[in-house]
Amino acid sequence: MKLYQLKVTIVGLPKVYRLIEVSENCTFDNLHDLIFEAFDRYDEHLYSFFLTGKETKNIRKIYQSPEITHPQNLEDFMGFGAKKRSTVKTKMGDVGLKEKDVFHYLFDFGDEWWHCLKVEAVTETTGKKKHLKIVKIVGESPPQYDDEFDDDDDFE
């Protein structure tokens with residue numbers, strides 16, 4: 001069974017990242033849960049993964065890439081011609097990831113927490129159980145919400 005080591009960075013915060021491991025039998029929903037935990041999040045939101053293959057800052061290219069999304073997002077957009085797959089049904093091993101591949105993850109469609117995931121290594125393991133592990137934490141997790149709103153900053 002394949003084991004993927006992924007470096008997960010938050011776009012705009014390159015010195016804050018997590019190294020994680022997931023096995024090929026994990027779903028993208030499992031991957032989301034691990035990233036959610038790794039960055040100390042507490043409030044669930046919709047999310048999607050975009051299989052870009054390489055790093056890009058071109059948002060159009062990201063959105064045009066194959067999308068694996070939260071099941072509720074599939075329900076909301078059925079019939080609009082979008083070819084999306086469910087994070088609950090799609091396993092890591094289903095998408096043909098290779099070392100140095102990059103894909104993107106959008107958490108919270110309102111606040112838009114963009115992440116870049118790079119496949120650092122692909123190894124083989126004899127284990128059959130799902131493997132999800134946070135290997136390394138670099139930098140403090142940013143707060144999920146900007147709690148520094150000041151009432152004196154009202155619009156005038």
Problem - Non-hydrogen side-chain atoms of F107 and F49 separated by less than 4.5 Å - result: no
Practice task
Provide the full list of side-chain hydrogen bond (donor to acceptor under 3.5 Å, both in side chains) pairs with a residue in residues 17-36, sequence neighbours left out, each pair given once.
Solution key: R18-S141, E21-H131, S23-N25, T27-N30, D29-Y47, N30-K130, H32-E44, H32-Y105
Practice task
Please round to the nearest 0.5 Å and tell me the distance separating atom CG of L31 and atom OG1 of T87.
Solution key: 9.5 Å
Exercise for the section: Report whether I134 and V16 are members of the same hydrophobic cluster (ILVMFWY, side-chain heavy atoms less than 4.5 Å apart, transitive linking). Expected result: yes
Fill in the blank from the handout: Apart from V102 itself, its cluster of hydrophobic side chains linked below 4.5 Å comprises none
Handout entry: Side chains of L51 and I68 in contact at under 4.5 Å (non-hydrogen atoms)
Key = yes
Exercise for the section: Answer yes if V8 and V122 sit in the same cluster of Ile, Leu, Val, Met, Phe, Trp and Tyr residues linked by side chain heavy atoms under 4.5 Å apart, and no otherwise. Expected result: yes
Practice task
Calculate, to the nearest 0.5 Å, the distance between atoms CG and CG belonging to L6 and L117 respectively.
Solution key: 6.0 Å
Practice task
Would you list the pairs meeting side-chain hydrogen bond (donor to acceptor under 3.5 Å, both in side chains) in which at least one residue belongs to residues 50-66, sequence neighbours left out?
Solution key: T52-H104
Fill in the blank from the handout: In short, side-chain hydrogen bond (donor to acceptor under 3.5 Å, both in side chains) pairs touching residues 117-129 with sequence neighbours left out are none
Problem - All pairs passing side-chain hydrogen bond (donor to acceptor under 3.5 Å, both in side chains) where residues 1-15 contributes a residue, at least two apart - result: none
Practice task
Can you run down the salt bridge (charged side-chain N to carboxylate O under 4.0 Å, His left out) pairs that involve residues 90-117, sequence neighbours left out, and say none if there aren't any?
Solution key: K98-D101
Handout entry: F28 CZ to F103 CZ distance, which is reported to the nearest 0.5 Å
Key = 5.0 Å
Problem - Nearest-0.5 Å distance, SG of residue C26 to CG of residue L132 - result: 3.5 Å
Practice task
Report yes if some heavy atom in the side chain of R41 is under 4.5 Å from a heavy atom in the side chain of W113; otherwise report no.
Solution key: yes
Exercise for the section: Find out if a path of hydrophobic residues (ILVMFWY) with successive side-chain heavy-atom gaps under 4.5 Å connects L19 to V22. Expected result: no
Exercise for the section: With the side chain counted from C-beta on, respond yes when S86 and T69 share a heavy-atom pair under 4.5 Å apart, and no when they do not. Expected result: no
Practice task
Please confirm whether F50 and W114 have ring centers closer than 6.0 angstrom.
Solution key: yes
Problem - Separation between CD of E67 and CD1 of I62, rounded to the nearest 0.5 Å - result: 11.5 Å
Practice task
Indicate, with yes or no, if F36 and F109 share a hydrophobic cluster defined by side-chain heavy-atom contacts under 4.5 Å among Ile, Leu, Val, Met, Phe, Trp and Tyr.
Solution key: no
Handout entry: Y42 side chain near Q144 side chain, heavy-atom distance below 4.5 Å
Key = yes
Problem - Sub-4.5 Å side-chain heavy-atom contact between I20 and V135 - result: no
Fill in the blank from the handout: Taking every heavy atom of S48 against every heavy atom of N73, the minimum-distance pair comes out as OG-ND2, 3.8 Å
Practice task
Starting from the C-alpha separation in whole Å, work towards a yes-or-no answer on side-chain contact (heavy atoms from CB on, under 4.5 Å) for I35 and E37.
Solution key: CA-CA 5 Å; I35 297 169; E37 176 187 345; over 6 Å; no
